[in-house]
Amino acid sequence: MNNQLVTLPALTRDGVFLARYSETGLAELEFPKPNPGKPFQLRALDGASRRLLPGDIRQWHRITTAALKSVLAGRAAKSLPPLDWTGKTEFQQAVWREMLKLGPGKTKSYGEIARAIGKPKAVRAVGGACGANPIPVLVPCHRILAANKLIGGFSGGIERKRAMLKREGIEI
DNA sequence: GACAGATGAAGGA
DNA sequence: TCCTTCATCTGTC
């Protein structure tokens with residue numbers, strides 16, 4: 001079995017995200033590391049390595065970068081690359097699919113997501129699935145708030161979540 | 001099998 | 001109101 005992932009940098013206004021692709025699509029997205037004064041090492045995939053990339057991945061990466069920029073600017077992504085959720089549970093995928101339905105400026109609570117997937121009591125489990133989301137930003141876990149409209153948590157940091165919501169016109 | 005968790009709701013002060 | 005407690009469900013180790 002070949003689970004090797006191809007890692008590519010996605011340059012955005014918020015820094016350099018790292019996108020990891022499998023043979024079937026975007027598998028992971030990593031937030032920019034706080035690494036001031038040392039720009040991301042694009043060398044890692046320059047030259048010959050880049051030429052070895054399958055055409056599909058190059059195209060997915062263009063879509064991913066464009067989608068990232070749109071979402072970070074508070075707009076809806078025009079399109080998304082295929083997402084590779086291989087190995088993830090049905091429950092997690094259901095939660096993430098539900099989050100994908102949320103447009104910019106729209107939020108739901110953990111409880112609402114739980115009800116939407118037909119498991120109204122699985123609110124804590126929804127929180128767990130959010131935390132396990134391998135593709136933040138594109139799968140908009142930042143649009144999920146606690147029932148009292150508090151910000152809840154965020155794997156990429158509460159401040160990042162607050163900033164992204166603010167760009168979409170939501171003040172917490 | 002036990003435990004932890006990005007919650008929610010209910011009850012008491 | 002605000003705070004505390006507990007029920008619930010799922011994932012991970």
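Labels below follow one simple rule: chain letters A, B, ... track the order of the sequence lines, proteins then strands, and each chain is numbered from 1.
Taking a pair to require two hydrogen-bonding distances under 3.5 Å in either a Watson-Crick or a G-U wobble arrangement, C:dT8 remains unpaired. The partner of B:dA6 cannot be assigned: no Watson-Crick or G-U wobble pair with both contacts below 3.5 Å exists in any strand.
Taking 4.0 angstrom as the limit, A:Ser109 places a side-chain polar atom (N or O) nearer than this to OP1 or OP2 of B:dG8.
The nearest whole Å value for the distance from the CG atom in A:Leu165 to the C1' atom in B:dA6 is 13 Å. Separating the OH atom of A:Tyr110 from the C1' atom of B:dA9 is a distance of 17 Å, rounded to the nearest angstrom.
As judged by a 4.0 angstrom heavy-atom cut-off over every strand, A:Gly128 is placed among residues making no nucleic acid contact.
In the model, A:Thr86 has a side-chain atom that pairs as donor or acceptor with a side-chain atom of A:Asp84 under 3.5 Å. In summary, the side chains of A:Tyr21 and A:Thr64 do present a donor paired with an acceptor at a separation below 3.5 Å, with no hydrogens or angles considered.
The two atoms that bring A:Pro140 and A:Leu102 nearest to each other are CG-O, 4.1 Å, heavy atoms only.
In this structure, NZ on A:Lys161 lies 7.5 Å from SG on A:Cys141, to the nearest 0.5 angstrom.
Of all nucleotides listed (B:dG8, B:dT7, B:dA6), B:dA6 comes nearest to the side chain of A:Phe154. Of the listed nucleotides (B:dG8, B:dA6, C:dT12), B:dG8 has the atom at the smallest distance from the side chain of A:Ala146. Taking only side-chain atoms of A:Lys119, from C-beta outward, the nucleotide of C:dG11, B:dG8, C:dT10 with the closest atom is C:dT10. Considering only side-chain atoms of A:Arg124, the nucleotide from C:dG11, B:dG5, B:dA9 that sits closest is B:dG5. For A:Phe91, counting side-chain heavy atoms from C-beta on, the closest listed nucleotide (C:dT8, C:dG11, B:dG8) is C:dG11. Comparing B:dG8, C:dG11, C:dT10 by their closest approach to the side chain of A:Ala122 singles out C:dT10. Among the nucleotides C:dC9, B:dA6, C:dG11, the one closest to any side-chain atom of A:Gln92 is C:dG11.
Where A:Val123 and A:Ala129 meet DNA chain C, the nucleotide closest to each residue was compared, and A:Val123 sits on the side nearer the 5' end.
A donor-acceptor distance shorter than 3.5 angstrom exists from the side chain of A:Trp96 to the backbone of A:Ala129, with no hydrogens or angles considered.
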